[in-house]
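Worksheet: the structure to be examined is printed underneath.
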Amino acid sequence: MAKYWSIADILSGKAKVDDEVVVKGWVRTRKDSKAGFSFINLHDGSCFDPIQVIANNNLSNYESDILKATTGSSMAVTGKLVASQGQGQSFEIQATEIDVLGLVDDPASYPIQPKPHTMEFLRSVAHLRPRTNAIGAVTRVRNCLAQAIHRYLHSQQFNWIHTPIITASDCEGAGEMFRVSTLDQTNLPLTDKGAIDYSQDFFGKEAFLTVSGQLNVETYCLSMSKVYTFGPTFRAENSNTSRHLAEFWMVEPEIAFADLNDNADLAESMLQYICKAVLDERGDDLAFFNQRIDKTVIERLESIVNNQFERMNYSDAIDILQKSGKKFEFPVAWGTDLQSEHERYLAEEHVGRPIILMNYPKDIKAFYMRMNDDEKTVAAMDILVPGIGELVGGSQREERLSVLDSRIDEMGLPKENYWWYRDLRRYGTVPHAGFGLGFERMVAYATGMQNIRDVIPFPRTPGSAEF
RNA sequence: UCCCCCUUAGCUCAGUUGGUUAGAGCGACGGACUGUUAAUCCGCAGGUCCUCCGUUCAAAUCGGAGAGGGGGAGCCA
């Protein structure tokens, strides 16, 4: 029995010429030569390139099956690995047996035709789009990034904490939440006062999908020292942009005995590591992205790996924007949040590479961010990258109970909801910090894909949860 | 949530001032040629002009409503 190989292993030279091999996959193209054979480009997802199979017309099922195998058909091929006589590939398979497993019903209307498609169209056939070059390449880069994140953090002795998806604590405060309920929506139980009686719901109280694992992961940080979450998060914001999803993945490292600079160091080092991993491991896919999607992708990744990120205080950024002589649609003033156009100017024009903005005004940031000595700013940081904008958001956390309490009061938050979060400051508190990396934004940055809906298999956005 | 744009063949798009039988490229299919690889050449098929209502002698074209999609802004990751 010949060995079943992945196309990646064969094309990278792991099989020997003259070996008998088996490959299985889907037909990308088939061209028939009157010289008495067909060229079949077979793809199995293991790498960017398909392998070329030569099917002679003396195969018993040549007329009956092989000539019917159009683009998208599946087959198992047994044959001899040989050096290619043609150009464009080093190896090819001289087939001795081809088992056509599944034909394509109606080739004329098969959505994935051997021609360019728009991303908008491919979204409408999300169940078939992984068969395209672009989405296949995105899938491999996405996987490479995910594996690299785990590998990097593991090598730094981080523990991966599986924080909950369902949360019954109404204190995450990072955005609108999706409700989780098993109550009969057509016959809701009511309290004496006419409100919905959630005490009868599944958890005995209101429950939601998480918008961030940060508060939960902080609890493990204050025991395990270096931890992270990596999983899906949900925001019920009515955001309709190429950078937002209702369901997305987020990496949130949290480190104890650390300040904002340690936090920025970690984020920078992790981003450099994972970008290097993509450069090292996915050269085939990057070559495609660089040629067809965004001619600056490789250059951009190399620039991340080879350069230190620019670090800048919020206040200095305001100065730079005000002195830029640039006319912005929104005015620049200390104390207001930066607009997209401001972030773009800083990352794309002023420094031309990723920039870490630090120490924002306290009034535009969350309650848990650590108050600086000036009592005007907090130890927050955003990493802005050209083309995407905000890729990372993080902060040093407020570890002093009294300061945390006054921030909670100042923002009018219900202190009782935070009892367990406050306990962390009562029992052995330490300085700690962390950040969140939007995983899809990272994939978009690493591939040059312009719309975040094309870097996640099945995008969920307002009004759209098809498939 | 706000502003703008789009919807015509499997896909990408033309379609003039409202006027006879709605076109092209790609793809598919058939043929020629060919160790081809974004092949090339010839031919053929393919239409609920998003849906509904209205204006009109006449609507792909004008008006209204609805559905779907996209770009930008805000929110953020």
| field | Span that lies between the C1' atom of B:C49 and that of B:A59, in whole angstrom | value | 11 Å
| query | A:I93 has an atom CD1; how far is it from atom C1' of B:G35, in whole Å? | reply | 17 Å
| task | For B:A58 versus B:A22, give the span between their C1' atoms, rounded off to a whole number of Å. | result | 16 Å
| request: Using a cut-off of strictly less than 4.0 Å, decide whether A:S340 has a side-chain nitrogen or oxygen near OP1 or OP2 of B:G74. | output: yes
| query | Do A:Q85 and B:U36 have a side chain to base donor-acceptor pair shorter than 3.5 Å? | reply | no
| said: Less than 4.0 angstrom between a side-chain N/O of A:Q339 and OP1 or OP2 of B:G74, yes or no? | reply: yes
| request: Please determine, for the side chain of A:A108, which listed nucleotide (B:G69, B:G27, B:A39) has the closest atom? | output: B:G27
| Donor-acceptor pair between A:T296 and A:D294 side chains, under 3.5 angstrom | yes
| said: Suppose you measure atom P in B:G43 against the same atom in B:G25; what distance do you get, rounded to whole Å? | reply: 10 Å
| message | Once hydrogens and angles are ignored, does a donor-acceptor distance under 3.5 Å link the base of B:U36 to the side chain of A:Q52? | response | yes
| query | Could a donor-acceptor pair under 3.5 angstrom be found where the side chain of A:H244 meets the base of B:C76? | reply | yes
| note | dist A:N41:CG -> A:Q52:CD (nearest 0.5 Å) comes out at 5.5 Å
| message | For A:D454, is there an ion pair with A:R123 - N to carboxylate O distance below 4.0 angstrom? | response | yes
| Inter-nucleotide P distance (B:C3, B:U12), Å rounded | 28 Å
| If we call it a pair only when both distances are under 3.5 Å in a Watson-Crick or G-U wobble match, what pairs with B:C29? | B:G43
| Phosphate-side-chain proximity, A:N451 and B:G71, N/O vs OP1/OP2 below 4.0 Å | yes
| query | Side-chain donor-acceptor pair under 3.5 Å between A:Y368 and A:E218, yes or no? | reply | no
| Of the candidate nucleotides B:G71, B:G10, B:G35, which contains the atom at the shortest distance from the side chain of A:K115? | B:G10
| request: Tell me which nucleotide among B:G74, B:U1, B:G71 gets nearest to the side chain of A:S242. | output: B:G71
| note | Given the options A:E254, A:K226, A:H150, A:F158 meets side chain to side chain contact (heavy atoms under 4.5 Å, CB included) only with A:K226
| Does A:R243 make a side-chain N or O approach to OP1 or OP2 of B:C75 shorter than 4.0 Å? | no
| B:A77 pyrimidine/purine six-ring stacking with A:F248, under 5.5 Å and 30° | yes
| task | Consider the side chain of A:S33, meaning its heavy atoms from C-beta on, and name the nucleotide among B:A73, B:A28, B:G35 that approaches it most closely. | result | B:G35
| Selection from B:C11, B:G35, B:A77 that lies nearest to any side-chain heavy atom of A:F39 | B:G35
| task | Check the surroundings of atom CG in A:D105: do more than 12 heavy atoms from other residues, nucleotides or ligands lie under 6.0 Å from it? | result | no
| field | Distance between C1' atoms of B:A39 and B:C26 (Å, rounded) | value | 14 Å
| field | Nearest-nucleotide 5' precedence on RNA chain B, A:F439 against A:F121 | value | A:F121
| note | Comparing A:Q89 with A:L338, nearest RNA chain B nucleotide closer to 5' gives the residue A:Q89
| Is A:R123 touching bases, backbone alone, or none of the nucleic acid, heavy atoms closer than 4.0 Å? | sugar-phosphate
| said: Determine whether a donor-acceptor pair (one donor, one acceptor, N or O, separation below 3.5 Å) exists between the side chain of A:E120 and the base of B:G69. | reply: no
| query | When you compare B:C6 with B:U61, how far apart are their C1' atoms, in angstrom units rounded to a whole number? | reply | 16 Å
| request: Could you measure between the two C1' atoms, the one in B:U48 and the one in B:C44, and give it in whole Å? | output: 24 Å
| A:E237, nearest nucleotide to its side chain (from B:C76, B:C75, B:A28) | B:C75
| Identified pairing partner of B:U7, criterion: Watson-Crick or G-U wobble below 3.5 Å | B:A67
| query | Does atom CZ of A:R151 have more than 12 heavy-atom neighbours from other groups under 6.0 Å away? | reply | yes
| message | Between B:C75 and A:S239, counting only base atoms on the nucleotide and side-chain atoms on the residue, is there a donor-acceptor pair under 3.5 Å? | response | yes
| On a plain distance test, is the side chain of A:E341 in donor-acceptor contact with the base of B:G72 below 3.5 Å? | no
| Counting only side-chain N and O atoms of A:R441, is one of them less than 4.0 Å from OP1 or OP2 of B:C76? | no
| task | Assess whether one donor atom and one acceptor atom, taken from the side chain of A:D32 and the base of B:U36, lie less than 3.5 Å apart. | result | no
| query | What nucleotide, of B:C29, B:G71, B:C75, holds the atom closest to the side chain of A:T70? | reply | B:C29
| task | Please work out whether the ring planes of A:H162 and A:W160 are parallel, tilted or perpendicular, with thresholds of 30° and 60°. | result | perpendicular
| field | Distance test, side-chain N/O of A:R344 to OP1/OP2 of B:A73, below 4.0 Å | value | yes
| Nucleotide forming a Watson-Crick or wobble pair with B:U1, both distances under 3.5 Å | B:A73
| Distance between the P atoms of B:U1 and B:G66, in whole angstroms? | 14 Å
| Pair of N/O donor and acceptor under 3.5 Å linking B:C33 base with A:K34 side chain | no
